[in-house]
Amino acid sequence: MYAIVEIGGHQYKVAENDVLFVDKQTADGDKLTFDKVLLIKDGNGNVNVGTPVVEGAEISATLLDTVKADKVLVFKKKRRKGYQKLNGHRQVMSQIQIESITTGGSSSAKKTAKKEDAPAKKAETKAAAPKKEQANDLESMTVSELKDLAKEKGLTGYSSMRKAELIEALK
């Protein structure tokens, strides 16, 4: 069983008991969990590809050590100008060991709840539009709101009109 997981903006192919060097991870204890699992392949050959992440999948890991990577030298030079600059950098890395790959969890319930909340917000914005229509305060409306109102009233040629022209046509 292996998985493709995104950790710190990088994608890694991980299996249980793998040891990885990743960008520095901050955690309260030695246990880490990663929920951005992009793909899981189990022992039976079944592949589960996420869109963009696999629902409910989670990878737990243990923080082994925090080390510095090899030095990267940055050399800048402008020819014929006498300008040379040498700079070095060592990236701080965390050494982690993958403990387990789980495919089920409670995060899928959270995501479905968020998806159900989204249509309710759209309904609220659609309910707010008729209130502005009732007030008939065309000056305070945006051009896109005026075009929507013109479309509802059945006006033609509203797409090329300016705001002042739309207000005149709607009055």
Side-chain angles (χ1 to χ4, degrees), residues 1-129 140-148 159 163:
M1 171 181 237
Y2 71 87
I4 307 291
V5 63
E6 183 177 337
I7 302 172
H10 301 279
Q11 295 178 4
Y12 298 94
K13 178 181 176 182
V14 298
E16 291 184 6
N17 299 321
D18 279 356
V19 177
L20 298 173
F21 288 96
V22 297
D23 290 336
K24 184 179 179 190
Q25 301 292 313
T26 55
D28 296 334
D30 290 341
K31 299 291 181 187
L32 299 168
T33 57
F34 305 106
D35 59 349
K36 288 190 176 181
V37 181
L38 306 174
L39 179 139
I40 291 181
K41 181 176 181 185
D42 60 6
N44 299 332
N46 298 332
V47 178
N48 189 359
V49 179
T51 55
V53 294
V54 178
E55 297 283 332
E58 194 170 81
I59 299 201
S60 59
T62 304
L63 183 64
L64 299 177
D65 196 11
T66 301
V67 296
K68 285 189 173 182
D70 294 335
K71 185 172 235 183
V72 176
L73 296 176
V74 180
F75 182 69
K76 296 179 182 180
K77 179 179 180 175
K78 293 185 181 176
R79 62 186 191 154
R80 298 186 300 272
K81 304 297 181 204
Y83 173 78
Q84 291 183 1
K85 187 167 187 148
L86 181 66
N87 199 353
H89 174 72
R90 291 184 72 187
Q91 184 71 32
V92 180
M93 307 287 278
S94 293
Q95 183 180 13
I96 62 171
Q97 181 175 8
I98 305 299
E99 296 296 323
S100 65
I101 300 172
T102 57
T103 57
S106 63
S107 63
S108 62
K110 293 179 187 176
K111 290 184 180 180
T112 55
K114 287 181 183 178
K115 288 180 182 177
E116 291 171 359
D117 291 342
K121 289 181 182 178
K122 288 181 182 177
E124 291 174 7
T125 57
K126 287 183 180 178
S140 65
M141 297 175 84
T142 63
V143 176
S144 62
E145 291 171 341
L146 290 170
K147 287 183 179 181
D148 290 339
S159 61
K163 185 174 181 178

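The OG1 atom of Thr103 sits 11.0 Å away from the CD atom of Glu58 when rounded to the nearest 0.5 Å. For the atom pair CG (Asn17) and CD1 (Ile98), the distance works out to 9.5 Å, reported to the nearest 0.5 Å. Here Ile96 contributes atom CD1 and Leu64 contributes atom CG; the two are 8.5 Å apart, rounded to the nearest 0.5 Å. Considering NZ of Lys77 and CG of Leu86, their distance stands at 12.5 Å, rounded to 0.5 Å. Note that the CD1 atom of Ile7 and the OH atom of Tyr12 stand 6.5 Å from one another [nearest 0.5 Å]. Atom OG in Ser94 sits 5.0 Å away from atom CG in Leu63 (nearest 0.5 Å).
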* Criterion side-chain contact (heavy atoms from CB on, under 4.5 Å) on Met1 and Ile40, from CA distance to verdict -> CA-CA 7 Å; Met1 171 181 237; Ile40 291 181; 4.1 Å; yes

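Smallest separation of non-hydrogen atoms from Ile59 and Ala3: CD1-CB, 3.8 Å.
Taking the side-chain contact (heavy atoms from CB on, under 4.5 Å) definition, one finds that Lys78 meets it with Lys81, Tyr83, sequence neighbours left out. Every residue meeting the side-chain contact (heavy atoms from CB on, under 4.5 Å) condition with Asn87, not counting sequence neighbours, appears here in chain and number order: Val74. For Ser100, the side-chain hydrogen bond (donor to acceptor under 3.5 Å, both in side chains) test picks out Ser60, with sequence neighbours left out. By the side-chain contact (heavy atoms from CB on, under 4.5 Å) test, Asp148 is found to be paired with no residue, residues two or more places apart in sequence or in another chain being considered. With sequence neighbours left out, Glu6 forms a side-chain hydrogen bond (donor to acceptor under 3.5 Å, both in side chains) with no residue at all. Residues that satisfy the side-chain contact (heavy atoms from CB on, under 4.5 Å) test with Ala69, not counting sequence neighbours, are Gln91, Met93.
Counting only heavy atoms from C-beta outward, the side chains of Arg90 and Val92 never approach each other to under 4.5 Å. Annotation: side chain of Val5 is not in contact with side chain of Gln11 (no heavy-atom distance under 4.5 Å).
For Lys163, the NZ atom counts as densely surrounded, since its 6.0 Å shell holds more than 12 non-hydrogen atoms of other residues, nucleotides or ligands. Crowding of Lys36 atom NZ: a count of heavy atoms from other residues, nucleotides or ligands under 6.0 Å not exceeding 12.
For the pair Lys41 and Tyr2, the cation-pi criterion (under 6.0 Å, within 45° of the ring axis) is not fulfilled.
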Identify all side-chain donor-acceptor contacts of residues 42-54 below 3.5 Å with residues at least two apart in sequence or on another chain.
{"residue": "Asp42", "atom": "OD1", "partner": "Asn44", "partner atom": "N", "Å": "3.4"}
{"residue": "Asp42", "atom": "OD1", "partner": "Gly45", "partner atom": "N", "Å": "3.4"}
{"residue": "Asp42", "atom": "OD1", "partner": "Asn46", "partner atom": "N", "Å": "2.8"}

Output side-chain donor-acceptor pairs under 3.5 Å for residues 18-33, partner residues at least two apart or in another chain, one line each.
{"residue": "Asp18", "atom": "OD2", "partner": "Ala15", "partner atom": "N", "Å": "2.8"}
{"residue": "Gln25", "atom": "NE2", "partner": "Asp23", "partner atom": "O", "Å": "3.0"}

